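First up is the structure itself, then whatever we jot down about it.
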Amino acid sequence: MGGELHPNEDIKARSQHLRGTLRESLVDPLTGALSPDDTQLSKFHGFYEQDDRDLRVERQQKFLEPYYSFMLRARLPGGVCTPEQWLAIDATGRELANGTIRLTTRQTFQFHGILKKNLKPLIQRINQAMIDSISGCGDVNRNVLCDPNPERSALHAEVYGWAKRIGAHLLPKTRAYHEIWLDDEPVAGGETEPLYGETYLPRKFKTAIAVPPRNDVDVYTNDLGFVAIAEDDHLLGFNVLAGGGMGTTHDDNSTYPRLADELGFVQLDDTIAVAEAVLTTQRDFGNRESRRHARLKYTIDRMGLDAFVVEVEKRAGVRFEAARPVQFTTQGDQFGWVRNADGSWHLTLYIENGRVEDTDERRLMSGLRAIAAQHKGEFRITANQNLIVANVPEEEKSAIEDLARAHGLLADGHSPTRLASIACVALPTCSQAMAESERYFPALLDKIDRLAADHGVDDRAIVMRMTGCPNGCARPFAAEVGLVGKGPGRYNLHLGGDGRGQRIARLYRKNLNETGILETLDKLFADYAEQAEADEGFGDFLIRAGVVAPVKNPVEDYHDSA
Ligand code: SRM
Ligand code: SF4
């Protein structure tokens, strides 16, 4: 470091706490876009400027500006919302966005295809339903994930409380959002950002809480992680993790996916102080010159873990105790009905790649609307892009199940691998996509399912994740099989995650087309069928068989085999 600050630092510093010229951009009738600086600031308000990439060339040929629209991501700690809120989300998606809702890998929802003129009405609509989009994106702490742990709801409630508390504590204090979108009076006499300062964080910052034995939030892929330590369903404290992240750049060996390190155990009372200390250490020590190297994972590797821990302890006024032993068994969701300790029920629905829409095959959006109209409990979005209908009384069970079945929302009939797998959004909305993901993965999985059946391994759940680029939005580097977009129809194949989110998947083959992917998996499935031990996961088998070597330290040996 010691070079020039990244231009975004200046945009943040000049923005008057994220106000910029967003108001002016919004009413500029000459373009469907925002000014370039405002496109950076808009992220802190939860939305991204995008253009329809399917239409790009055609519009270019007609000398038209790209077909601009916006993606908005809500803040929904722990993914929890009420049926009334769901109905508002549904109506907003149909009336002011592209008629779909997208459940994300961070337990919230996105709208796509919002026209500039509809942005403010849309933000007002969700706020009327008591949902906001503050810090949906941007260089701040994002939506805090929390295990939706259906079986143990007393503990879930306690952990969810912490997700909300941590999220609220790490929110920026600026009133810019309320002034611009909700027409609040401007703050008299200026305001300060006590936690973030004028330039916020060097980069995005992500926090999650997991409740063993389920790692369904992929806690090790977060900048800051908390692993709940409980006794008799009562929360004692957390093992604190720091420095996880997935984003990489193809062929740039200075970037790598990394799982978080364990810092140690803290008592509940110290949770907020430790969260703040990790965030402010990253604020002060993170790289503000190269956004590619700005995440906390690089800060920790540059400082050294020991020095990082000393700094966090000093800032928090806390000494970490030795981390408590924990064991995770899965990264996936538990589909179908699960009985809760209080006698009520949870139903986990399968939403393929999180896209809620009505198609000729399935009427997911109508189905969820019908369930929301009837249901009195909660909805919980999972970090695997699925939806839980939570706290259903015994007498409502069959009506909810009938609705779910009629609309194709049940997991029944899907292969265990499909149910364990996810894909990112990619084309046509994502500006970063190099290859298809959400639109292509289901068809590829049909073929992979057939291969698995041919080899008799179709009863196994293999965690497969596809992304359209190496940013890693579906966490492919923590999957047993990761497919990462390289170019149109081309993917890098990563192998060797452990199905529990505790091992990085290594790059195995570059630039494969569909035939290459299927041929490679065909051979590996044959070996798996022949040589695997009983109940041995696919990723564990690949490591034991020496197909890929485990990554010991991503800085030193992640790129070895690439
Ligand atoms: Fe992501 C950027 C979608 C979870 C790593 N991500 C994007 C953008 C906004 C593209 C852009 O910069 O223009 C994508 C919008 C696509 C669209 O049209 O909707 C996008 N990310 C998503 C979602 C919707 C994927 C999904 O299919 O669910 C997820 C929304 C989560 C949320 O609700 O907040 C999503 N993104 C993730 C995750 C997974 C996670 O956080 O658990 C990761 C990997 C973990 C991590 O952060 O390291 C992730 N997204 C990225 C990165 C790479 C960051 C890095 O450190 O290099 C980018 C690009 C960037 O930040 O510059 C990115
Ligand atoms: Fe877009 Fe890449 Fe994220 Fe997929 S992984 S949504 S292509 S940024």
Side-chain angles (χ1 to χ4, degrees), residues 8 39-40 42-43 46-53 69-77 79 98 100 102-113 133 135-139 141-145 202-208 216-223 225 243-250 252 255-260 286-287 290-298 331 351 353-355 381-386 422-439 441 465-478 482-486 501:
N8 280 25
T39 59
Q40 296 306 322
S42 74
K43 299 177 188 178
F47 64 92
Y48 263 76
E49 182 177 295
Q50 303 185 317
D51 73 283
D52 187 329
R53 294 184 55 186
S69 69
F70 295 84
M71 174 274 277
L72 181 128
R73 186 182 291 162
R75 186 173 67 90
L76 204 66
N98 71 354
T100 75
R102 180 55 155 74
L103 309 186
T104 77
T105 52
R106 293 196 69 78
Q107 288 189 299
T108 185
F109 63 90
Q110 290 183 174
F111 295 120
H112 289 100
S133 57
S135 300
C137 322
D139 298 343
N141 182 57
R142 304 285 188 88
N143 196 42
V144 178
L145 303 190
R203 203 65 163 88
K204 54 173 67 165
F205 186 90
K206 299 182 172 178
T207 306
D216 46 14
V217 295
D218 254 327
V219 68
Y220 294 91
T221 64
N222 284 261
D223 297 88
M246 293 278 100
T248 65
T249 305
H250 282 312
D252 177 348
T255 68
Y256 45 84
R258 186 185 192 281
L259 297 180
N287 185 334
S290 160
R291 288 180 69 79
R292 204 177 267 194
H293 304 104
R295 293 291 291 275
L296 179 63
K297 61 183 175 180
Y298 300 114
Q331 286 168 287
I351 314 285
N353 302 326
R355 182 67 68 178
I381 300 171
T382 78
N384 287 303
Q385 305 169 329
N386 295 307
I422 52 178
C424 76
V425 178
L427 292 163
T429 52
C430 179
S431 65
Q432 311 277 315
M434 300 170 179
E436 294 281 353
S437 185
E438 179 190 317
R439 295 196 296 195
F441 198 40
R465 295 174 172 179
M466 175 177 276
T467 57
C469 85
N471 282 329
C473 297
R475 303 184 287 267
F477 310 113
L483 289 158
V484 178
K486 191 87 199 314

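Each ligand, and each atom within it, is numbered from 1 in the order the structure gives. Keep in mind that the numbers below use all heavy atoms, side chains included, and drop hydrogens, waters and symmetry copies. Predicted model only: the values in this text are computed from it and were never measured. Residue indices begin at 1 and follow the sequence shown.
In terms of protein heavy-atom proximity, atom 21 (N) of ligand 1 is nearest to C473 SG, 3.1 Å. Nearest non-hydrogen protein atom to atom 5 (C) of ligand 1 is N471 O, 3.3 Å. Regarding atom 33 (O) of ligand 1, its nearest protein heavy-atom neighbour is T104 OG1, 2.6 Å. The protein atom (non-hydrogen) at minimum distance from atom 16 (C) of ligand 1 is C430 CB, 3.6 Å. Protein heavy atom nearest atom 49 (C) of ligand 1, with residue, atom name and distance: K206 NZ, 3.3 Å. Distance from atom 29 (C) of ligand 1 to its nearest protein heavy atom, with residue and atom name: T105 OG1, 3.3 Å.
In E438, neither the side chain nor the backbone holds a heavy atom less than 4.0 Å from any atom of ligand 1. The side chain of Q110, and not its backbone, has at least one atom closer than 4.0 Å to an atom of ligand 1 (non-hydrogen atoms only; side chain from C-beta on). Of all the heavy atoms of R142, none lies under 4.0 Å from any atom of ligand 1, so neither backbone nor side chain is involved.
Between R292 and T255, the side chains place no donor N or O within less than 3.5 Å of an acceptor N or O (distance only, hydrogens not considered). A donor-acceptor pair shorter than 3.5 Å cannot be found between the side chains of T382 and N384.
The residue from R106, M466, R53 that puts a heavy atom closest to atom 40 (C) of ligand 1 is R106. When R75, R465, R73, Q432 are checked for heavy-atom proximity to atom 30 (C) of ligand 1, R73 turns out nearest.
When all heavy atoms of A423 and Q385 are compared, the pair lying nearest together is O-NE2, 3.0 Å. Between N141 and T207 the shortest heavy-atom distance is OD1-OG1, 2.7 Å. R258 and G243 make their closest contact through NH1-O, 3.0 Å (heavy atoms, listed as atom of the first residue, atom of the second, distance). Between N222 and A260 the shortest heavy-atom distance is O-CB, 3.9 Å.
Within ligand 1, counting atoms from 1 as listed, the ones closer than 4.0 Å to a heavy atom of C424 are 27 (O). Every atom of ligand 1 is numbered from 1 in the order shown, and the set under 4.0 Å from a heavy atom of T108 is 33 (O). Near Y48, meaning under 4.0 Å from one of its heavy atoms, ligand 1 places the atoms 9 (C), 11 (C), 12 (O), 13 (O). Listed by number with element, the atoms of ligand 1 under 4.0 Å from a non-hydrogen atom of R295 are 46 (C), 47 (O), 48 (O), 54 (C), 55 (C), 56 (O). For ligand 1 and Q385, the ligand atoms under 4.0 Å from any heavy atom of the residue are 26 (C), 27 (O), 28 (O). Close contacts between ligand 1 and H112 involve ligand atoms 17 (C), 18 (O), 19 (O) [criterion: under 4.0 Å to a heavy atom]. Counting the atoms of ligand 1 from 1 in the order shown, those under 4.0 Å from a heavy atom of M246 are 44 (C), 45 (C), 46 (C), 48 (O). Every atom of ligand 1 is numbered from 1 in the order shown, and the set under 4.0 Å from a heavy atom of A423 is 27 (O).
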Quick one: do R73 and R106 satisfy side-chain contact (heavy atoms from CB on, under 4.5 Å)? Show the steps, please. CA-CA 10 Å; R73 186 182 291 162; R106 293 196 69 78; over 6 Å; no
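Ligand 1 has R102 within reach: a non-hydrogen atom of the residue lies less than 4.0 Å from it. Within the 4.0 Å heavy-atom cutoff, S431 counts among the residues contacting ligand 1. Look at R203 and you'll find a heavy atom under 4.0 Å from some atom of ligand 1. Residue contacts with ligand 1: K297 is excluded, as none of its non-hydrogen atoms falls under 4.0 Å. The closest approach between any non-hydrogen atom of G472 and ligand 1 is below 4.0 Å. Using a 4.0 Å heavy-atom cutoff, Q50 is listed among the residues neighbouring ligand 1.
Taking any N or O of T221, backbone or side chain, none lies under 3.5 Å from an N or O belonging to ligand 1. Considering backbone and side-chain N/O of V425, one or more are found under 3.5 Å from N/O of ligand 1. For ligand 1, one of its N or O atoms has an N or O atom of K204 under 3.5 Å away.
Protein nitrogen, oxygen and sulfur atoms, that is N, O or S, within less than 2.8 Å of atom 3 (Fe) of ligand 2 amount to 1.
Within the 4.5 Å cutoff, side-chain heavy atoms of P470 are placed close to those of V484. Residues R355 and V425 form a side-chain contact, since some pair of their non-hydrogen atoms from C-beta on lies under 4.5 Å apart. Between R291 and D139 the shortest side-chain heavy-atom distance falls below 4.5 Å. Contact check for Q331 versus R465: side-chain heavy atoms found under the 4.5 Å cut-off.
A salt bridge is defined here as a Lys NZ or Arg NE, NH1 or NH2 lying under 4.0 Å from an Asp or Glu carboxylate O, and D223 with R142 fails to meet this definition.
Annotation: side chain to side chain contact (heavy atoms under 4.5 Å, CB included) contacts of A74 (sequence neighbours excluded): T108, F109, I131.
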